Amino acid sequence: MVEGGVTTADKTEFTECWKTVWKTPYIMRLAFSAGIGGLLFGYDTGYIKLFRDRFYKLILSLMLHLETIVSMAVAGAIIGAAFGGYMNDRWGRRVAILGADIVFFFGAIVMAVAPNPWVIIIGRILVGLGVGMASMTAPLYISEASPARIRGALVSTNGLLITGGQFLSYLINLAFTKAPGTWRWMLGVAGIPALVQFVLMLSLPESPRWLYRKDRVDEARAILEKIYPAHEVEDELNALKLSVDAEKADEAALGEGMITKVKGALKNRVVRRGLYAGITVQVAQQFVGINTVMYYAPTIVQFAGFASNSVALALSLITSGLNAVGSIVSMCFVDRYGRRRLMLVSMIGIIFFLVILSVVFMEASSHAPKISGIESAHFGSNSTCSAYLTAPDAPRWSCMTCLKADCAFCANAASEFHPGACLDSSKVVRGECRAENRVFFEKGCPSKFGFLAVILLGLYIISYSPGMGTVPWIVNSEIYPLRYRGVGGGIAAVANWCSNLIVSESYLSLTEALGAGGTFFVFAGISTISLIFIYFLVPETKGLQFEEVEKLLEDGYRPRLFGGKKEKSKDQVESI
């Protein structure tokens, strides 16, 4: 700590993180146990693909929109994140995680034994509540139990477990694609990480900063002595005392109560600036389109021209694995190069590859094979798409036109790229097509651009994961004053989940209206706006003590291209 100013942290290598946790394994135990909450969310986003495939027809028969089914857990997560902020400040981070585990576990059991989709929806809402609570609590707990010099790498374990959960769900899905009744096991297995985390957290303490805030100083000291070297413990306690004393003075002036605390947070200049940064990165994380890409990865791969469900799932498994690798990269570099720099570089890569993806998908659509009247008539009028038979512009139809009419494309026997048949998408007709050794396309068209599209999709994920994938949660775990940390993190997490809901609800409709290429271009435009907001609103916090971050926000900062900070004049500070 440096009195009266903010210092730039020394560069921290990934090896420093492992050196520290090797000497003090208790730190990694805390981080890993809390980070299991990320595994819950990751597995949920992965197994939803199997849920959609198995229940698609029944969902339509119940007049339920597919996007709404996908979004049920997200809607629950919005409520869970809001309530989680309150729980964090009132009862502590540990209690919030335990509560999230209980809700998630029961939600998983409800889905596993559900007799119909309506019950699964109830289970998904419960799962969403648990995920929402855990999503903002786990990074906060890890952050407050980590030394400042390796805090970023440890909080990144939460992101690593999110991507690990997605990878695991795709792996299981691929292994049991044709197994009967597998969906119940997949939904039920989601409760195991919650149960494991609940047992582990029972033996772990509360956050030392929350304990100190509640005047349980001796307990806080005992935990800090397990985390920090002996000569640093008193410095940490002194910094906590200064911060808590200031916050208690604010509390005495503003009063108690959740609504009062929210109002106080919005009136507090430091918290307000923290929210500018925290909400910006959380909203940007969703509007680059990543969760939609992960939800619908197999479908997107089929859009690229790969008809087989198994092939699409295998390629999706690869993209999910790249996402996990990116999280490891983040752990290696977030404490060395900083949060702000990683996000800026990440956003530039995201925008570039989204634009290229947009062009590739547009080209694939424009070069889709034509529909042949002769090929379609070959299967008879009962098997031919009814919309095609009655369309006045049928001679101009292509494979993409056929798919947009909710029909399927049966490829030409000589070559997939030659004119083919537009048929009904029923299981019987699919069998007729395949009986002639033809490929049956239901979600995408044959394309010479398919492999390039998958490569670009992988590069997009590699650009996203190390920066925008993990860093927004790190920033939100360290940018708010202690008194408002639960409220601030909760508000930002709600913004994240609301953005997730908007994107997941609109993706399929956008794809139908604009095509995959147009949808990626929209995401690229929104990402460009997000990049500008991140540049101007998000400061660098690497290696800083929480109290130094608060001082940084109080004094003000000028944006610089790749990190660093420069104090503003008093007049500039007062104007914000």
Side-chain angles (χ1 to χ4, degrees), residues 6 8-9 81 85 136 139-140 143 152 155 262 265-288 290 330 334 337-351 464 466-481 484-485 487-500 502 523-544 546 548-576:
V6 180
T8 303
M136 58 83 53
L140 184 57
S143 178
V155 177
V262 172
L266 297 177
K267 291 179 181 179
N268 186 297
R269 185 174 61 195
V270 172
V271 180
R272 197 165 59 244
R273 288 174 176 165
L275 285 171
Y276 293 158
I279 292 176
T280 291
V281 297
Q282 293 284 36
V283 171
Q285 184 189 64
Q286 295 303 319
F287 275 98
V288 300
I290 185 63
S330 178
V334 70
Y337 295 111
R339 290 81 160 115
R340 175 182 163 84
R341 181 178 298 182
L342 281 185
M343 285 191 292
L344 291 175
V345 172
S346 178
M347 288 298 293
I348 292 171
I350 286 169
I351 294 167
Y464 166 86
M468 293 306 299
T470 56
V471 177
W473 296 107
I474 298 174
V475 170
N476 273 279
S477 70
E478 61 190 11
I479 204 167
Y480 308 108
Y484 297 107
R485 200 160 290 156
V487 171
I491 292 173
V494 168
N496 181 291
W497 288 108
C498 285
S499 301
N500 188 320
I502 292 170
F523 284 143
I526 296 175
S527 298
T528 302
I529 297 172
S530 300
L531 174 63
I532 296 171
F533 273 81
I534 291 173
Y535 175 77
F536 283 105
L537 295 178
V538 182
E540 181 54 72
T541 57
K542 71 163 184 173
L544 300 181
F546 289 118
E548 292 177 306
V549 175
E550 186 174 345
K551 177 68 173 173
L552 171 64
L553 293 173
E554 183 177 355
D555 289 347
Y557 57 91
R558 284 178 179 169
R560 297 179 64 186
L561 185 56
F562 288 118
K565 55 248 175 216
K566 186 181 291 184
E567 293 187 7
K568 290 185 175 182
S569 67
K570 183 176 181 179
D571 291 339
Q572 289 173 311
V573 170
E574 294 297 331
S575 67
I576 298 179

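On a predicted model such as this, the values are computed, not experimentally measured, just so you know.
Residues Gln285 and Tyr464 form a side-chain contact, since some pair of their non-hydrogen atoms from C-beta on lies under 4.5 Å apart. Contact check for Asn476 versus Gln282: side-chain heavy atoms found under the 4.5 Å cut-off. In this structure, the side chains of Ile474 and Val334 come closer than 4.5 Å at one or more pairs of heavy atoms. You'll find the side chain of Ile479 reaches within 4.5 Å of the side chain of Pro539, heavy atoms only. Under the 4.5 Å side-chain criterion, counting only non-hydrogen atoms from C-beta, Leu531 is in contact with Leu344. Within the 4.5 Å cutoff, side-chain heavy atoms of Val475 are placed close to those of Met343. Two residues are said to be in side-chain contact when any heavy atoms from C-beta on lie closer than 4.5 Å; Phe287 and Ile502 meet this criterion.
Annotation: the span from Ile532 atom CD1 to Leu537 atom CG amounts to 11.0 Å, rounded to 0.5 Å. If you take CG on Leu275 and CZ on Arg273, they are separated by 12.5 Å, rounding to the nearest 0.5 Å. Note that CG of Leu544 is 12.5 Å distant from CD of Glu550, once rounded to the nearest 0.5 Å. Here CG of Leu553 is found 11.5 Å from OH of Tyr276. Values are rounded to the nearest 0.5 Å. The distance from atom OH of Tyr480 to atom CG of Leu140, rounded to the nearest 0.5 Å, is 10.5 Å.
Within the 3.5 Å criterion, the main-chain N or O of Tyr535 finds a donor-acceptor partner in the side chain of Arg340. Side-chain N or O atoms of Glu540 include one that pairs as donor or acceptor with a backbone N or O of Arg339 at under 3.5 Å. The closest donor-acceptor contact from the side chain of Ser346 to the backbone of Met468 lies under 3.5 Å. When atom types are taken as modelled, the side chain of Ser530 and the backbone of Ala284 share no donor-acceptor pair closer than 3.5 angstrom. For Asn500 (side chain) and Asn496 (main-chain N/O), no donor-acceptor pair under 3.5 Å exists by modelled atom type. At least one donor-acceptor pair closer than 3.5 Å links the side chain of Ser330 to the backbone N or O of Pro466.
For the residue pair Met347 and Ser527, the shortest heavy atom distance occurs at CE-O, 3.0 Å. Closest approach of Val270 and Pro481 over heavy atoms only: CG1-CG, 3.9 Å. Across all non-hydrogen atoms, the minimal contact from Gly489 to Met136 is C-CE, 3.7 Å. Closest of all the heavy-atom pairs between Ser499 and Gln286 is CB-CB, 3.6 Å. Looking at every heavy atom in both residues, Ala81 comes nearest to Trp497 through CB-CD1, 3.9 Å.
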